Every structure is written in C-alpha cells, then in structure tokens.
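Below is one structure, written out as structure tokens; the observations come after it.
From a predicted model like this one, the values you see are computed outputs, not experimental measurements. Keep in mind that the numbers below use all heavy atoms, side chains included, and drop hydrogens, waters and symmetry copies. Remember, it's 1-based here, ligands and their atoms both numbered in the order they're listed.
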Amino acid sequence: MSELKNDRYIRALLKQPVDRTPVWMMRQAGRYLPEYRQLRSQAGDFMSLCKNPELASEVTLQPLRRFPLDAAILFSDILTIPDAMGLGLYFETGEGPKFERPIKSQSDIDRIGTLDPECELKYVMDAVRRIRSDLDGLVPLIGFSGSPWTLATYMVEGGSSKAFTKIKKMMYAEPAMLHSLLEKLATSVVDYLNAQIKAGAQSVMIFDTWGGVLTPRDYQLFSLRYMHKIVDGLIREYQGHRIPVTLFTKNGGMWLEKIAATGCDAVGLDWTININDARARVGDKVALQGNMDPSILYATPERIQEEVSQILADYGQGTGHVFNLGHGIHLDVAPENAGVFVNSVHELSRAYHC
Ligand code: CP3
C-alpha cells in the first residue's frame, strides 16, 4: 500500500505536529458540484452511484480535483446498513431517504440477521479498495458509519423525521425493544467499520446526527453507550498504522467530556459551541474537528475568511484541530466559496504551527 503524500489530517487527529491545519468538508462530494449532478444523472440515481465502485471513486475524487483538501471521504451513505438488513431503502426526489419496511415490532428486529460486510455490503468495500487505489496516497481516506441511535431513527420512523415521535414512543414505551435493535446495530457497525479498515479506510468517523434530540440521560443510555461499544470493538491499528476514530454528535456540545471519555481520538463539533471552550474542556484528551456554520459559505469571500480566521484564533496554537464545517455543505452553495474556505484555512493557519 502506498505511503501518504499528505498525512496532515491523520497527524492532527493524533495530535502530532503539522505545518498547517488540515481541512475537509462534510458532504464534500455531492449536489453543490455540477460534475456530481452530471454523473448522478448518467448513473440514474444516488444509490446506483454508491453501488458502482468506479463511479463511487470518481465522485469521491471530484472535490479533490477542485480544492486542496486534506482528506477524502468514502462516497456512500449511512443507510447502507439498514438497507442490507432488508428494510428496502429508496429515495424520493426532494423528500430524502425512505424505507419500504420500517421497524414496527420486536419480530421485525428478531428477523434481522448478522451482516457479513464482505457479502451484503461488498459494494462498499469494493468502493473503498478502488478509491484507495485511485487516490494513490494523495490524502487519507475516511470511512464512516451512522451511530446505532441515528440509524435506528431512520429505521423506526421509516425515513427522515422532525419530531421523532415513533422512535421516542418505542424508547419510552418499549425500551427493551429499542435496546435490542441498538445492540444489533452496534455489532453490525463494528463489523462494517472494521471491514472498511481492512479494505483500506485510514480513519473512521461515526455520524450521530440525531443524538442531540435526546435528554442528557437518554443520550448516554441510547446513543453514547452504543458508540462507546463501537469504539471498544474497532481495529485501532492496522498494518502498522494507527486508525483514528472521530465521533460526531450534532448538537452534542454539552456532552463533550462524556464523548471524549469513550476513548475516541477526536470529537466532531457543530457550530453551536465555541471551539475555544471545547478545547479548554477536553484538554489533551482528544483532537477536535469543526466547526464553521455551513451557511457562512453563502457569504462574501471576505466574510468567509473572517470566520475561518476567528475559528483558528479560537482554537489557538498547535495541533489537534481538523478544520471542517459543523455539518454538511448545503446543496446550493457556490463551489467557488468552498474553495475560498479551504484556501483560507491553509493560508491563515500557518501562523498557528511551527
Ligand atoms: O461527506 C461526504 O461527501 C460522503 C458521503 C456521505 C453521504 N451521506 C452522501 C449522500 C455521507 C458521509 C453521508 C452521511 C449521511 N447520510 C448522514 C450523516 C451525516 C449528516 O449529514 O448528518 C445522514 C443523516 C444520511 C442520510 C441521508 N442520506 C439523508 C438524510 C439524505 C438526503 C439528504 C438530502 O439533502 O436530500 C441522504 C442522501 C445523500 N447521501 C446524498 C449524498 C450526496 C444526496 C443524494 C443525491 O444525490 O440526491
């Protein structure tokens, strides 16, 4: 396997010295790029892109051709696991993901078998292998999964949700049922991420997009506990290289210390917390990823630079910071503004490293 030409992202996650702050963007491959929209219409739809390793690799590399990003992220989706579990994932235009057979009862959960990622999800592993080969060591490849709680919200609600009434009803009326689902998901996520690591993912990230809708106690019981189990089960070193793991709970700033205590290498932050406070609270325990509001990419280049400069100053001197947006890039952002963002991080961060 090729050595990395640019390992800034891995080094920052491991708190080793870097020359500049590394940067990548959540959802950096996707609909804000005209070349993505063109390839998607050729392929037919989003899942056809995910299931074709050659196209998935091409889409992964598209943003790297435009911007000097310090990491690539596998082009796939968190909902591949529930799809492989037989729930029948489909996308309705403008409405986001949906499941044909959502989870309604214990017997629906009992029917879910153990996944073999190199079997039902072989297309994901093939994409990882293909991307690693196409990247040729340019930057590290990030693998990912949804958290058990976040996956369960889609599986029980049958799609995206605003109020989470079905899963909250299950959580409070049938907690043992929900725990049995989360347990199965945690096992599958460990197997899935370890298979991605063996296929070539050089770092992994767990997206807990909906952990922040829980009460502090329920966040610990129904979300964090299962992410902790996953961290415990992950391969942390592979072929002589440490594989850093990042946990991202959107709206989870108030639980930072608890997230950091799972043994992860880094915590992802959204924009509702100041990164200076976050750093003071976690100390040397973990690296931090974040945390510019993606909506700032609608602003002028000057305003984008100003915000980048402020966040760099807030984090302060030294390593341990991976610059990112606090959530995915919006689909109607001008690609040039993403370029301004990435270049600003590189230029303005030199002053914070020796
Ligand atoms: O970051 C990247 O560039 C890698 C690819 C990636 C996608 N989804 C591609 C995608 C990643 C890391 C994800 C994760 C994901 N998927 C999350 C967690 C992160 C987050 O954003 O909170 C969640 C909750 C999902 C579930 C999901 N998939 C939703 C809600 C949607 C619809 C989004 C929308 O805006 O319509 C998807 C579809 C999806 N996943 C798209 C992409 C590029 C859009 C599909 C299209 O081309 O139409």
Side-chain angles (χ1 to χ4, degrees), residues 23-52 55-64 66-67 69 71-83 87 89-99 124 127-128 131 139 141-155 157-162 164 189 192-193 196 201 203-213 223 227 246-252 268-271 289-290 294 322 324-333 335 338:
V23 54
W24 68 281
M25 295 179 290
M26 284 193 252
R27 293 278 176 96
Q28 63 191 21
R31 285 169 298 184
Y32 74 107
L33 292 177
E35 57 271 35
Y36 169 82
R37 295 196 297 267
Q38 204 209 326
L39 211 61
R40 189 188 59 177
S41 74
Q42 265 174 36
D45 58 24
F46 165 67
M47 281 312 284
S48 306
L49 283 179
C50 295
K51 292 189 174 175
N52 179 323
L55 295 180
S57 179
E58 173 58 24
V59 171
T60 302
L61 296 178
Q62 283 177 343
L64 294 149
R66 278 189 183 248
F67 320 118
L69 296 153
I73 181 161
L74 162 70
F75 189 80
S76 188
D77 199 80
I78 63 166
L79 301 177
T80 51
I81 286 186
D83 186 44
L87 272 67
L89 173 66
Y90 65 100
F91 284 86
E92 226 147 74
T93 339
E95 283 189 52
K98 291 230 161 75
F99 286 112
V124 177
V128 171
I131 300 165
V139 290
L141 175 63
I142 306 169
F144 70 89
S145 170
S147 73
W149 164 258
T150 291
L151 293 176
T153 65
Y154 288 97
M155 294 167 79
E157 298 289 335
S160 300
S161 175
K162 287 206 166 77
F164 301 95
V189 170
Y192 184 54
L193 288 177
Q196 289 185 32
S203 164
V204 292
M205 175 156 168
I206 299 171
F207 288 92
D208 186 30
T209 307
W210 302 119
V213 306
S223 182
M227 290 200 281
T246 302
L247 301 188
F248 170 63
T249 293
K250 184 151 178 285
N251 252 299
L269 305 173
D270 68 19
W271 58 89
Q289 174 177 284
V322 170
N324 204 317
L325 305 172
H327 200 202
I329 186 168
H330 297 309
L331 58 98
D332 56 347
V333 153

Proximity flag E95 to ligand 1, non-hydrogen atoms under 4.0 Å: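 It does not, in that no heavy atom of E95 comes within the 4.0 Å cut-off of ligand 1.
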Close approach of A29 to ligand 1, heavy atoms, under 4.0 angstrom: yes
Of all the atoms in ligand 1, which lie at a distance below 4.0 Å from a heavy atom belonging to [X]?
| X | result |
| --- | --- |
| S76 | 5 (C), 6 (C), 7 (C), 8 (N), 9 (C) |
| L74 | 4 (C), 5 (C) |
| T209 | 18 (C), 19 (C), 20 (C), 22 (O), 24 (C) |
| Q28 | 1 (O), 2 (C), 3 (O) |

Can you name the closest pair of heavy atoms from [X] and [Y] and give their distance?
| X | Y | value |
| --- | --- | --- |
| G143 | Q196 | CA-OE1, 3.1 Å |
| A72 | T60 | CB-CG2, 4.0 Å |
| V333 | Y32 | O-CB, 3.7 Å |
| C50 | S76 | SG-CA, 3.8 Å |

Which one of [options] has a non-hydrogen atom at the shortest distance from [atom]?
| atom | options | value |
| --- | --- | --- |
| atom 38 (C) of ligand 1 | Y154, F91, W210 | F91 |
| atom 10 (C) of ligand 1 | F144, F75, F207, F46 | F46 |
| atom 13 (C) of ligand 1 | M25, M26, E92, R27 | R27 |
| atom 33 (C) of ligand 1 | R31, K250, R40 | R31 |

Proximity to ligand 1 by part of P63, non-hydrogen separation under 4.0 Å: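 Contact part for P63 vs ligand 1: neither.
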For [atom], what's the nearest protein heavy-atom neighbour? Residue, atom name and distance, please.
| atom | result |
| --- | --- |
| atom 14 (C) of ligand 1 | I78 CG2, 3.6 Å |
| atom 47 (O) of ligand 1 | Y36 OH, 2.5 Å |
| atom 32 (C) of ligand 1 | P97 CD, 3.8 Å |

Short side-chain to backbone donor-acceptor contact, D208 and L247, under 3.5 Å: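 No: the side chain of D208 does not pair with the backbone of L247.
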Expected output: side-chain D77 to main-chain T80 donor-acceptor under 3.5 Å: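 Looks like no, no N/O pair under 3.5 Å.
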Aromatic ring pairing F164/W210, orientation class (parallel under 30°, perpendicular over 60°, tilted between):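 Ring orientation of F164 relative to W210: tilted.
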Parallel, tilted or perpendicular, as decided by the 30° and 60° cut-offs, for the rings of F207 and F248: perpendicular
Residues that R27 engages under side chain to side chain donor-acceptor pair (under 3.5 Å), provided they are two or more places apart: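 By the side chain to side chain donor-acceptor pair (under 3.5 Å) rule, R27 matches no residue at all.
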N or O pair under 3.5 Å between H327 and ligand 1: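 The answer is yes, given that H327 and ligand 1 share an N or O pair closer than 3.5 Å.
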Polar contact flag for D77 and ligand 1 (N/O pairs, less than 3.5 Å): yes
Pair F46 + Y36: ring centers closer than 6.0 Å: no
